[in-house]
Amino acid sequence: SEILLDDNEINKMINDYNTELNNFNILVDNFNLHYQQQLIDIRNDILQEIIVLVENYAKNNKIDLILDSKNYLMASNNINITNLIYEQMNKVKLELDFKNFEQN
């Protein structure tokens with residue numbers, strides 16, 4: 001290209017390329033942010049459903065307090081409701097759809 005183009009034309013081509021590259025990088029960043037947000041939304045939907053199941057379990061079994069595995073000092077395995085909630089969660093029909101990324 002240098003043989004056929006003068007310095008101004010070469011610089012213009014370089015600037016055009018850099019502009020396109022920058023636009024592409026912005027598009028990739030937006031794409032990644034979109035799907036990160038989609039994953040966060042789906043995770044929140046799942047957690048909301050788990051909370052409903054745990055609340056129902058607590059009401060039905062007259063339990064005032066339920067702790068997660070990080071918030072107890074000592075407990076017996078026979079009070080672990082993880083498997084029960086897991087089984088109930090498998091019965092729930094969640095619609096977890098990704099929204100397609102739409103380029104502006």
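Below, each value reflects all heavy atoms present in this structure, side chains not excepted, and no hydrogens, waters or symmetry copies.
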Set of side chain to side chain donor-acceptor pair (under 3.5 Å) partners for Asp41, sequence neighbours left out:
Gln37
Same hydrophobic cluster for Met13 and Ile10, using side-chain heavy-atom links shorter than 4.5 Å among ILVMFWY?
yes
Under 3.5 Å, which donor-acceptor pairs link side chains of residues 17-27 to any protein atom two or more places apart or in another chain?
| from | atom 1 | to | atom 2 | distance (Å) |
| --- | --- | --- | --- | --- |
| Asn18 | ND2 | Ile14 | O | 3.4 |
| Thr19 | OG1 | Asn15 | O | 2.9 |
| Asn23 | ND2 | Thr19 | O | 3.4 |
| Asn25 | ND2 | Leu21 | O | 3.4 |

Give a yes or no answer on whether the side chain of Asp6 reaches the backbone of Asn8 with a donor-acceptor pair at less than 3.5 Å.
yes
CD1 of Ile81 to CG of Asn61: how many Å apart, nearest 0.5 Å?
8.5 Å
Quick one: do Leu39 and Leu33 end up in the same hydrophobic cluster if we chain Ile, Leu, Val, Met, Phe, Trp and Tyr together by side-chain heavy atoms under 4.5 Å apart?
no
Taking only residues two or more places apart in sequence, or in another chain, which ones meet Asp16 in a salt bridge (charged side-chain N to carboxylate O under 4.0 Å, His left out)?
Lys12
Answer yes if Ile46 and Tyr57 sit in the same cluster of Ile, Leu, Val, Met, Phe, Trp and Tyr residues linked by side chain heavy atoms under 4.5 Å apart, and no otherwise.
yes
List for me each residue that meets ring-ring contact (aromatic ring centres under 6.0 Å, His included) alongside Tyr35, sequence neighbours excluded, and say none if there are none.
Phe31, Phe98
Name the atoms and distances for all side-chain donor-acceptor pairs under 3.5 Å in residues 49-56, with sequence neighbours left out.
| from | atom 1 | to | atom 2 | distance (Å) |
| --- | --- | --- | --- | --- |
| Asn56 | ND2 | Val52 | O | 3.4 |

Same cluster or not: Ile85 versus Val92, using hydrophobic residues (I, L, V, M, F, W, Y) connected whenever any side-chain heavy atoms lie under 4.5 Å apart?
yes
Heavy-atom side-chain proximity of Asp45 to Glu95 below 4.5 angstrom:
no
